[in-house]
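One structure is given below, encoded as structure tokens.
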2 protein chains.
Amino acid sequence: MVIKVFIVDDHYMVIEGIRSLLQNEKSIEWMGHAMNAASCLAFLQQQQPDVILMDINLPDMSGIDLCKEVKMKYPSIHIIGLSSFNQQSFIQKMLDNGASGYLLKNATREELVYAIKTVIEGEIFLSDEVELTVQKNEDSKVPIITRREMEVLLLIADGLTNNEIAIKLFISTTTVDTHRKNLLAKFEVKNTASLIRMAAQIQLIPFIKPKN
Amino acid sequence: MVIKVFIVDDHYMVIEGIRSLLQNEKSIEWMGHAMNAASCLAFLQQQQPDVILMDINLPDMSGIDLCKEVKMKYPSIHIIGLSSFNQQSFIQKMLDNGASGYLLKNATREELVYAIKTVIEGEIFLSDEVELTVQKNEDSKVPIITRREMEVLLLIADGLTNNEIAIKLFISTTTVDTHRKNLLAKFEVKNTASLIRMAAQIQLIPFIKPKN
DNA sequence: CATAAAATCCTGTTTTTAGGGGATTGTTTT
DNA sequence: AAAACAATCCCCTAAAAACAGGATTTTATG
């Protein structure tokens, strides 16, 4: 049985690289590619692959969200996350959203083929380096914050003081301070600098700074 | 005349992708690849290509520094920067260090070939999108900070206070405060939160937090 | 060698955060 | 219905950062 593979990545060179790596594999059929989430979903309405290799960073939607949506609509498709970074937070989220594996972009042909064959069997595949990270950073879990805390976090990142945030949200400064304290506690950091850094790294803070 | 091309990238899939894209180009000869700066430099001691496609993010040394070193030792080699991100700061630094062009990883075969042929002529090649960014973000210029300011910035991002930084760097707390003031001024922000956010977004702060 | 830039240090004041305690009202969730 | 959570508010203290306005020494660089 031939395994039908589809890829979603916004880097043409990566698509081409994977295609090239797979072209001599008789047991794998290349179905094509999409360069964003929208065209991926459009493609899936026509045909369904067995495995999707999905980049984490897409222009229109994060791979994490796309993964969730695809698994909801087509539960039988196996998804392998794909990215350059060995970021435990992303890997965890992908797996939580139904992904069957995670592959780094410096993987070899052998790893790639093995990953596809593993997830088809219903098993989980993780790159060697990824597994190490998952074990190593087991303690550094992504904090669960509330909606209000998120609002406050974003305003802190925008450079507002507690007082300015209070005015903006029509609440007392002491309330803002409490939210801030909770954020520091949940992120297990002791000041704003570390808080913003962590939040930026796990991509809680959007890149484009909205003008007020 | 055949153009000899070499590539330095730590992502196997990108190497394979470029190789695949170039394999039918008769005017281009594939010399091979390196997956880090060290093996690139080792290779150059044996043979010299005409063009090097160089990733910005390498495991052992930044592409920006490697670019400088290569151009110093082998001025006749043309270097094209390669990365996933359309980051004006990196592009500028690469060009300052002697690169002849900058290509995004979502470039097509045509762009890739055109880029190689352009830089061989001694001209500068920039991806279309890159050129747009260079123009678009002309106002939001990347601040030029000194080495010491960079050290302080990283320690701030690590969550250290001025006093802790002072102890670490064997300088006075007031000096750290001055560096901090200069950082705020150069980034045109008014507090630490905005500073760290901006620094994280232009990728001045490394992802993997070094353990002290 | 002269000038500019970088790195160092200082004295203040004001504002903002961090840390330690609370407490009350709703809203989920079990 | 009780427990857990979210969101709101309060007091107090100490530490840290931001703001202002200096100065000196070292290190590059034309």
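Throughout, protein chains are lettered first and strands after them, A, B, ... in sequence-line order, and every chain is numbered starting at 1. In this text the structure is predicted, and so the values were computed from the model without any measurement.
Contact between the side-chain N/O atoms of Thr192(A) and the OP1/OP2 oxygens of dA18(C) is found at a separation under 4.0 Å. Put simply, Thr175(B) has a side-chain N or O that comes within less than 4.0 Å of OP1 or OP2 on dC9(C). Checking the phosphate oxygens (OP1, OP2) of dA6(C), no side-chain nitrogen or oxygen of Arg147(B) falls inside 4.0 Å. Here Thr174(B) does not reach the OP1 or OP2 of dT8(C): none of its side-chain N or O atoms lies under 4.0 Å away.
Ile165(B) CD1 to Thr173(B) OG1: the interatomic distance, rounded to the nearest 0.5 Å, is 9.5 Å. Between atom NE2 of residue His179(A) and atom CG of residue Leu153(A) there is a gap of 12.0 Å, rounded to the nearest 0.5 Å. If you take CG on Asp9(A) and CE on Met54(A), they are separated by 11.0 Å, rounding to the nearest 0.5 Å.
Rounding to whole angstrom units, CG of residue Asn162(B) and P of dA18(C) are separated by 13 Å. Atom P of nucleotide dT17(C) and atom CG of Leu195(A) are separated by 12 Å, given to the nearest angstrom. Rounding to whole angstrom units, CG of residue Asn191(A) and P of dT16(C) are separated by 18 Å. Rounded to whole angstrom, the span from the CD atom of Glu151(B) across to the P atom of dA7(C) amounts to 9 Å. The CD1-P distance, from Ile144(B) to dA4(C), rounds to 18 Å in whole Å. Residue His179(B) contributes atom NE2, which lies 7 Å from atom C1' of dT8(C) at whole-angstrom precision. Protein atom CZ of Phe187(A) is 13 Å distant from nucleotide atom P of dA18(C), rounded to whole Å. Atom CD in Glu188(A) sits roughly 17 Å away from atom C1' in dA18(C) (whole-Å rounding).
Evaluated for a side chain to side chain contact (heavy atoms under 4.5 Å, CB included) with His33(B), the options Val14(B), Ile18(B), Ile7(B), Leu53(B) yield exactly one hit, Ile7(B).
A salt bridge links Glu69(A) and Lys73(A); the closest N-O separation between the charged side-chain nitrogens and carboxylate oxygens is under 4.0 Å. A salt bridge links Glu149(A) to Lys186(A): one of the charged nitrogens lies within less than 4.0 Å of a carboxylate oxygen. In summary, Asp158(B) and Arg197(A) engage in a salt bridge, as defined by a charged side-chain N under 4.0 Å from a carboxylate O. Using a 4.0 Å cut-off between charged nitrogen and carboxylate oxygen, Lys117(B) and Glu111(B) do not count as a salt-bridge pair.
Lys190(B) comes within contact range of the sugar-phosphate backbone alone, with a heavy-atom separation under 4.0 Å but no base atom that close.
In this structure, the nucleotide among dC10(C), dG19(C), dT8(C) sitting nearest to the side chain of Arg148(B) is dT8(C). Among the nucleotides dT16(C), dA6(C), dG19(C), the one closest to the side chain of Asp177(A) is dG19(C).
Comparing the helix axis at one end of the helix from dC1(C)-dG30(D) to dT30(C)-dA1(D) with that at the other, each defined from 5 consecutive pairs, gives an inter-axis angle of 70° (nearest 10°).
At a threshold of 4.5 Å between non-hydrogen side-chain atoms, the residues Tyr114(B) and Phe125(B) count as touching.
Ranked by how close their nearest DNA chain D nucleotide is to the 5' end, Thr178(B) and Leu184(B) are led by Leu184(B).
Within a 6.0 Å sphere centred on NZ of Lys68(A), heavy atoms belonging to other residues, nucleotides or ligands number 12 at most.
Between chain A and DNA chain D, the heavy-atom contact criterion of under 4.0 Å yields a 5' to 3' nucleotide range of dA6(D) to dC10(D).
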